[in-house]
> 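Quick one: structure below, then a few questions.
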Amino acid sequence: MKLNPNDLLIFLTITETRSITEAAARSGLTKSAVSQALKRLEDAIGAKLLFRTTRSLSLTEAGMRLLPMCRKMREAQQEIDTAIADLTDKSASLTVTAPHALCQPLLIPLLAQVTDTDIRVIADDAALNLVDHQIDLAIRVGAPAPQSAQSTRIGTLNESLWASDALVQHMGGVPGDLQDLAAWPHAANDWQGSPLRYPLENGGVLTAHPRFRCNTAHGLQEFITQGIAVGLLPDILAQTDPRLTRLVPISQSPVYALHQHGKTPPPGLRDLIQALRSRLKQI
């Protein structure tokens, strides 16, 4: 015997209103639909549940035994509805990860405009697993490794060698032959390795040995702004610092947005991705 939960709730409404007509109005159904639900329930149980006359309804013994169970079922459904509503409220949150270099100049200013949503930002140059870290959106530089996440290219990250104005003056200005930059003091991010090799527009390669190292773009930027070294920085990060001078463009890398929502992300996430794409186009 398989009972329809909706038929059980309709039966409960009939007993509370003592009227097929009133039960139909409360349930938003036709009288015929309510009568059919009652008949399905009685057929499934194999017993009559109500005595019906033209003026009144009364419960049979089977109906009286079924009634308290229907009330418990409705209470359970109400608890489920409340729990789902609570989960929905708590789900108004957004966890986003991006490389250190993109958080301050790109990501955080856009997230600051998001309202009615709890925001968590994970600044990490590593390709964190979206599932393990419960990440809604990941911003990655360079082609992401094959995975189940939906990947969308949203722009390009330009990187250049930058130096402080003080260092440029101390070294006698930007050299005409960029190979001479090899003699300048260099700072580098840990991932760059040693020696440093920078491709130049003329087809040559600038090779240098870093004196200073750091594991974040902001730390590297601080070495550069102190006037003690030249280093590779994303243009989006360095160009807002008036103390820095762009020496030579080095690379262009694709920027991707990754999420676990297939081709139809939620509207809020879709709007954020579009805002990131628009901002990268302006740079």
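All values derive from a computational prediction rather than experimental measurement.
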> Taking all non-hydrogen atoms of both residues, which atom of Val34 and which atom of Leu29 are closest, and how far apart?
CG2-CB, 4.1 Å
> For Arg246, give me all partners under side-chain contact (heavy atoms from CB on, under 4.5 Å), at least two apart in sequence or on another chain.
Ser160, Trp162, Asp235, Pro249
> Give me the atom names and distance for the closest heavy-atom approach of Ile224 to Ser164.
O-CB, 3.4 Å
> With sequence neighbours excluded, tell me which residues meet side chain to side chain donor-acceptor pair (under 3.5 Å) with Asp136.
none
> Flag the pair Met64 / Thr60 as yes when at least one side-chain heavy-atom distance between them is below 4.5 Å, and no otherwise.
no
> What's the spacing between Met73 CE and Leu66 CG if we round to 0.5 Å?
9.0 Å
> Might you confirm whether atom NE2 of His170 has over 12 heavy atoms from other residues, nucleotides or ligands at distances under 6.0 Å?
no
> Hydrophobic clusters join Ile, Leu, Val, Met, Phe, Trp and Tyr when side-chain heavy atoms are under 4.5 Å apart, directly or via other members; which others share one with Phe223?
Phe212, Ile228
> Pairing donors with acceptors under 3.5 angstrom, does anything connect the side chains of Glu159 and Ser251?
yes
> Is there a path from Phe51 to Leu59 through hydrophobic residues (I, L, V, M, F, W, Y) whose side chains come within less than 4.5 Å of each other?
no
> Val205 and Leu196: same hydrophobic cluster, using ILVMFWY side-chain contacts below 4.5 Å?
no
> Please list all pairs meeting side-chain hydrogen bond (donor to acceptor under 3.5 Å, both in side chains) that have one or both residues in residues 172-183, counting only residues at least two apart or in different chains.
none
> How long is the straight-line distance from OG1 of Thr207 back to NE2 of His209, given to the nearest 0.5 Å?
7.5 Å
> Within a strict 4.5 Å, meaning less than it, do heavy atoms of the Pro265 and Gln150 side chains meet?
no
> Using modelled atom types only, decide if a donor and an acceptor are shared between the side chain of His133 and the backbone of Ile135 within a distance under 3.5 Å.
no
> Could you check whether any side-chain heavy atom of Leu137 comes within less than 4.5 Å of a side-chain heavy atom of Leu269, counting everything from C-beta outward?
yes
> Testing the basics here: between Leu233 and Ala217, what is the closest heavy-atom pair and its distance to 0.1 Å?
CD2-O, 3.8 Å
> Sequence neighbours excluded, which residues qualify as side chain to side chain donor-acceptor pair (under 3.5 Å) partners of Ser32?
Gln36
> Under 4.5 Å between any side-chain heavy atoms of Phe11 and Leu49, yes or no?
yes
> Within the supplied structure, the quantity of interest is the number of heavy atoms (other residues, nucleotides, ligands) at a distance under 6.0 Å from Gln282 CD; does it exceed 12?
yes
> Between Thr97 and Asp124, is there a side-chain donor-acceptor contact under 3.5 Å, judged purely by atom types and distance?
no
> Side chains of Ile122 and Arg120: does their closest heavy-atom pair fall under 4.5 Å?
yes
> Kindly check if the number of other-residue, nucleotide or ligand heavy atoms within 6.0 Å of CZ (Arg65) is above 12?
no
> Can you name the nearest heavy-atom pair linking Leu110 to Leu276, along with the distance?
CD1-CD2, 3.4 Å
> List the residues meeting side chain to side chain donor-acceptor pair (under 3.5 Å) with Arg243, not counting sequence neighbours, and say none if there are none.
Asp241
> Let me see the working for Leu107 and Gln104 under side chain to side chain contact (heavy atoms under 4.5 Å, CB included), right down to the final yes or no.
CA-CA 6 Å; Leu107 183 60; Gln104 180 179 334; over 6 Å; no
> Is Ile108 linked to Ile236 within one hydrophobic cluster, defined over Ile, Leu, Val, Met, Phe, Trp and Tyr using a side-chain heavy-atom separation of less than 4.5 Å?
no
> Under 4.5 Å between side-chain heavy atoms, counting indirect links through other Ile/Leu/Val/Met/Phe/Trp/Tyr residues: same cluster for Leu220 and Val230 or not?
no
> Can you list every salt bridge (charged side-chain N to carboxylate O under 4.0 Å, His left out) pair that touches residues 8-31, not counting sequence neighbours?
Glu16-Arg26, Glu16-Arg74
> Which pairs with one or both residues in residues 194-221 pass salt bridge (charged side-chain N to carboxylate O under 4.0 Å, His left out), sequence neighbours excluded?
none
> What do the steps show when you test Leu38 against Ile10 for side chain to side chain contact (heavy atoms under 4.5 Å, CB included), and what is the final call?
CA-CA 7 Å; Leu38 179 60; Ile10 291 172; 6.0 Å; no
> Does Pro99 have any side-chain contact (heavy atoms from CB on, under 4.5 Å) partners at least two apart in sequence or in another chain, and if so, which?
Leu102, Asp125, Val141
> Would you check if Ile250 and Pro199 make a side-chain contact, meaning some heavy-atom pair closer than 4.5 Å?
yes
> Apply side chain to side chain contact (heavy atoms under 4.5 Å, CB included) to the pair Ile119 and Val114, showing each step before the final yes or no.
CA-CA 9 Å; Ile119 302 293; Val114 177; 4.3 Å; yes
> When you compare the side chain of Leu106 with that of Val255, does any pair of heavy atoms fall below 4.5 Å?
no
> Considering only heavy atoms from C-beta outward, does the side chain of Glu42 approach that of Ile45 to under 4.5 Å?
no
> Under 4.5 Å between side-chain heavy atoms, hopping through other hydrophobics if needed: is there a path connecting Val174 to Leu232?
yes
> Could you measure the distance from the CG atom of Leu244 to the CG atom of Leu167? Nearest 0.5 Å is fine.
10.5 Å
> Please report the closest heavy-atom contact between Leu280 and Gly155, naming both atoms and the distance.
CD1-CA, 3.9 Å
> Find the distance between CZ (Arg140) and CD1 (Ile154) and round it off to the nearest 0.5 Å.
12.0 Å
> If you round to the nearest 0.5 Å, how far is NE2 of His100 from CD of Gln221?
13.0 Å
> What distance do Leu258 atom CG and Ser151 atom OG have between them, rounded to the nearest 0.5 Å?
4.5 Å
> Let me have the donor-acceptor pairs involving side chains of residues 182-195, under 3.5 Å, with sequence neighbours excluded, atom names and distances please.
from	atom 1	to	atom 2	distance (Å)
His186	NE2	Leu181	O	2.9
Gln192	OE1	Asn189	N	2.8
Gln192	NE2	Tyr198	OH	3.0

> Check the pair Leu41 / Leu8 against side chain to side chain contact (heavy atoms under 4.5 Å, CB included), numbers first and verdict last.
CA-CA 7 Å; Leu41 188 57; Leu8 289 167; 3.5 Å; yes
> Who pairs with Gln226 by side chain to side chain donor-acceptor pair (under 3.5 Å), at least two apart in sequence or on another chain?
Glu222
> Which residue pairs pass the side-chain hydrogen bond (donor to acceptor under 3.5 Å, both in side chains) test with at least one member in residues 4-15, sequence neighbours excluded?
Asp7-Arg40
> If every non-hydrogen atom of Cys70 is compared with every non-hydrogen atom of Leu12, which pair is closest and at what distance?
O-CD2, 3.8 Å
